[in-house]
Structure formats: C-alpha cells, structure tokens
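Heavy atoms only: backbone and side chains are in, while hydrogens, waters and symmetry mates are out.
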Amino acid sequence: MLSVSELVVMSDEVRTALSEGRAVVALETTLVAHGFPAPHGVEVGLESDAAVRAAGAVPATIGVLDGRVRVGLGPEELERFTPEARKLGPRDLAACAAQGTVGATTVGGTLAVARTVGLRFMGTGGIGGVHRGWEHSLDISADLGELGRTEALVVASGAKSILDVDATAEVLETLGVPVLGWRTDEMPLFYKADGGPPVSQRVQSVDEAAQVAQFHWRLGRHSGIVLARPPDESLDVEPLIEDGIEEAAKRGIRGQAVTPFVLSYLHDKSDGRTIEVNRKLIVENAALAAEVATAYSKLT
C-alpha cells in the first residue's frame, strides 16, 4: 500500500525549501493545458515559474503524472500537459492517479494538494466560483470549498469574469474567506481592473498582506485568503462573455467544460487581446504571491 509520501511526490528543490522554511509558491496546471491555445499554456507556465524565482521563492507547479501527484514540475514535464490532459478538481485527484492519466489541477485541485504537503501560497489568474445561472444549475466551483478549508493565500485577479462575481463574493464571505484588495477597494473582474464587489480589506504592501495571513491563521481560522490583484491592463469584454456563455449553452456545453470554452471564445472574438491580458496577469500574480510568501517566511 502506498504511503502519502509515495503517492504525493515532491521535487527535491521543493522538499528542501519547505524543510528550511523558505518561501514556496504553488502553481496550477489547468491554465497550462486548458487556459491558452497550445503552445502558449506551457510558455505561461514557464514564465510564471521564472517570475516566482525572480521574486525570491521556489515554484511548485502541481499536476498528476504517471500515477503520482507531482509537486514541483520541470519544463519537460510541463510539456506533457496538452489540451488532452484531464481537468482535475479535488474530487478527481485520486481517480486520475489510480488510472495513470495526465491530470491538470484547477485552483481547487492545487489547493487540495497544497494542504496535504503544507504549501501556504499560490498564484493564479482567477479563482473559480459561482457560475451565472447558478439558481437553475447549482454550478459552483469546488475552488470555493477548498478555499474554505485550506490555510493558503491565493493571489488572483478576482474570480473569473465569466462567473457571477457578486454571488461568488457572498459565498466567500459565508465560508470565512477574506478577500484582500491589493491597493484596491473593489474586487477586480479578471480582465477588468474594477467594478466588482467591495473587498473585505485593502492592503498596501506585501508585508501587510503577510501579517494579515499570519494573524488569520494564528486566530484559528483554517480558511484560505484571496489577495485580489487588479490587472495592470484593464479590458472590458462583458458583451463577449455574455455571447460566449450563450453559445456554450446552445452547444450543450456544461460543467468543467464551460470555462475553457468561453475563454477560447473570448480569445478568438477579441483578436487575441484577452490572451495577452490573461498571460500578463497570471505571471504578475505569481510574482506577487512569491513576494508575499517571502515576507511571510521572515515573520516570527
């Protein structure tokens, strides 16, 4: 019978950094496999990795390969996360590993693994949440459940803009997940820098964000924290989002397949503008996550 350490395999670099108390940042693989047209996803993954290193932390990209949950993937391993990779939420990790298929972790899947190995910081583009029309479908991302039970700070540009962002903010509040605004009072709308619901607290520096995280967990709160960072370049694509969601419904696309379809739709209809904004914000969020993780590692 496999032990946890045999099923969840950390790279030597990640294992050493964790044992020494150094800053480590978890990165997902769904954005590599499904967030961009190939080969852009792998390029974004490598750029995020480099941004984390440049900010003084160790990247820990997470995915499932060869029957094992891997923490700390290298460039050659990232190349295996093609669009054919299985999209893995928390419920899917065990089955994917048991079947030996390639699995790309979502935010929720990444957080589930992070909780197992003790990672407390993550960078991503946007978190999943409550989908539009949830009152008819009850389509709510497992990302929210993991945020409610994992002691990790996730840097994101708010929730993905294809979602019901107001409803997502309400669920985060119910779960006791603080949404800190990175130099903003509003939750960004992924591509758009403003216009979202109010954040629970504005923070101005990485030291302040790290201190809030430390106090949150020391007070016995076992939930995550979202650090909402607005994109540097703001793009309003709400009309295109509505069209993309309508098109997905016409084609009978549901569940986990909706997000990659609509993102692809936006990339196509915006003449690639959303790709560039998405790419930049993911890398910038990874860098900020590394800066906060480094600040946190210096706290006593």
Side-chain angles (χ1 to χ4, degrees), residues 8-33 35-36 39-63 65 69-81 104-127 150-157 180 182 203 205-207 209-210 213 224-232 277-299:
V8 182
V9 179
M10 288 190 285
S11 69
D12 292 340
E13 181 183 28
V14 171
R15 184 185 302 106
T16 299
L18 285 175
S19 67
E20 295 175 350
R22 291 190 281 125
V24 182
V25 175
L27 301 171
E28 61 166 293
T29 40
T30 285
L31 65 85
V32 174
F36 297 86
H40 297 297
V42 173
E43 294 169 356
V44 173
L46 293 174
E47 288 171 13
S48 298
D49 185 298
V52 169
R53 293 187 187 281
V58 173
T61 305
I62 294 173
L65 290 175
V69 179
R70 301 287 300 279
V71 181
L73 297 168
E76 291 184 2
E77 292 159 325
L78 277 185
E79 295 280 354
R80 297 177 62 184
F81 288 88
T105 54
T106 62
V107 170
T110 302
L111 286 175
V113 177
R115 186 172 66 255
T116 300
V117 300
L119 294 176
R120 282 194 158 181
F121 295 90
M122 178 181 178
T124 189
I127 62 169
T150 304
E151 294 182 10
L153 181 147
V154 179
V155 179
S157 295
L180 307 179
W182 176 251
V203 294
S205 69
V206 294
D207 290 333
I225 298 168
V226 175
L227 180 56
R229 180 191 180 282
D232 290 340
V277 173
N278 194 5
R279 184 172 189 152
K280 290 177 182 177
L281 67 84
I282 287 169
V283 175
E284 290 158 356
N285 292 348
L288 179 56
E291 292 174 17
V292 178
T294 300
Y296 184 88
S297 70
K298 297 175 181 178
L299 295 175

K.L.:
Does Val58 reach the side chain of Val14, with side-chain heavy atoms less than 4.5 Å apart?
P.N.:
yes

K.L.:
Does the side-chain contact (heavy atoms from CB on, under 4.5 Å) test come out yes or no for Leu119 and Leu18, once each step is laid out?
P.N.:
CA-CA 8 Å; Leu119 294 176; Leu18 285 175; 3.7 Å; yes

K.L.:
Under the 3.5 angstrom rule, does the side chain of Thr29 hit a backbone N or O of Thr105 as a donor-acceptor pair?
P.N.:
yes

K.L.:
Going by an N to O cut-off under 4.0 Å, is there a salt bridge joining Arg53 and Glu13?
P.N.:
yes

K.L.:
Quick one: pull up CG in Asn278 and CZ in Phe36 and give me the separation to the nearest 0.5 Å.
P.N.:
3.5 Å

K.L.:
May I ask you to test the Val226-Leu180 pair for a side-chain heavy-atom distance under 4.5 Å?
P.N.:
no

K.L.:
Are any of the side-chain nitrogens in Glu151 or Arg120 under 4.0 Å away from the carboxylate oxygens of its partner?
P.N.:
yes

K.L.:
Within the 4.5 Å heavy-atom criterion, are Trp182 and Leu288 side-chain neighbours or not?
P.N.:
yes

K.L.:
Are any side-chain N or O atoms of Thr30 and backbone N or O atoms of Ala104, one a donor and one an acceptor, separated by less than 3.5 Å?
P.N.:
yes

K.L.:
Looking at Val203 and Ala209, what are the two nearest heavy atoms and their distance?
P.N.:
CG2-CB, 4.3 Å

K.L.:
Show the numbers, then the answer: is there a salt bridge (charged side-chain N to carboxylate O under 4.0 Å, His left out) between Glu77 and Arg70?
P.N.:
CA-CA 10 Å; Glu77 292 159 325; Arg70 301 287 300 279; 2.4 Å; yes

K.L.:
Between the main-chain N or O of Leu281 and the side-chain N or O of Asn285, is there a donor-acceptor pair closer than 3.5 Å?
P.N.:
yes

K.L.:
Determine the minimum heavy-atom distance between Leu299 and Ala210, stating which atoms define it.
P.N.:
CD1-O, 3.6 Å

K.L.:
Out of curiosity, Leu73 CG to Leu65 CG, how far, rounded to the nearest 0.5 Å?
P.N.:
6.0 Å

K.L.:
Could you tell me the separation between the CZ atom of Phe81 and the OG1 atom of Thr61, rounded to the nearest 0.5 Å?
P.N.:
9.0 Å

K.L.:
If I take atom NZ from residue Lys298 and atom OG1 from residue Thr294, how far apart are they, to the nearest 0.5 angstrom?
P.N.:
6.5 Å

K.L.:
Kindly compute the distance separating CD1 (Ile127) from CE (Met122), expressed to the nearest 0.5 Å.
P.N.:
10.5 Å

K.L.:
If you take all heavy atoms of Val206 and Ala295, which pair is closest and at what distance?
P.N.:
O-CB, 4.0 Å

K.L.:
How close do Ala60 and Val24 get, counting heavy atoms only, and between which atoms?
P.N.:
CB-CG1, 3.8 Å

K.L.:
Is a donor on one side and an acceptor on the other found under 3.5 Å between the side chain of Ser157 and the backbone of Arg229?
P.N.:
yes

K.L.:
Do Leu27 and Thr110 have side chains that get closer than 4.5 Å, going by heavy atoms?
P.N.:
no

K.L.:
Please report the interatomic distance CD(Glu47) to NZ(Lys280), rounded to the nearest 0.5 Å.
P.N.:
11.0 Å

K.L.:
Determine whether the side chains of Glu28 and Thr124 contain a donor N or O and an acceptor N or O closer than 3.5 Å.
P.N.:
yes

K.L.:
I want to check something: taking the side chain as every heavy atom from C-beta on, are Val9 and Val71 in contact at a cut-off of under 4.5 Å?
P.N.:
no

K.L.:
Are there more than 12 heavy atoms of other residues, nucleotides or ligands under 6.0 Å from atom CD of Glu20?
P.N.:
yes

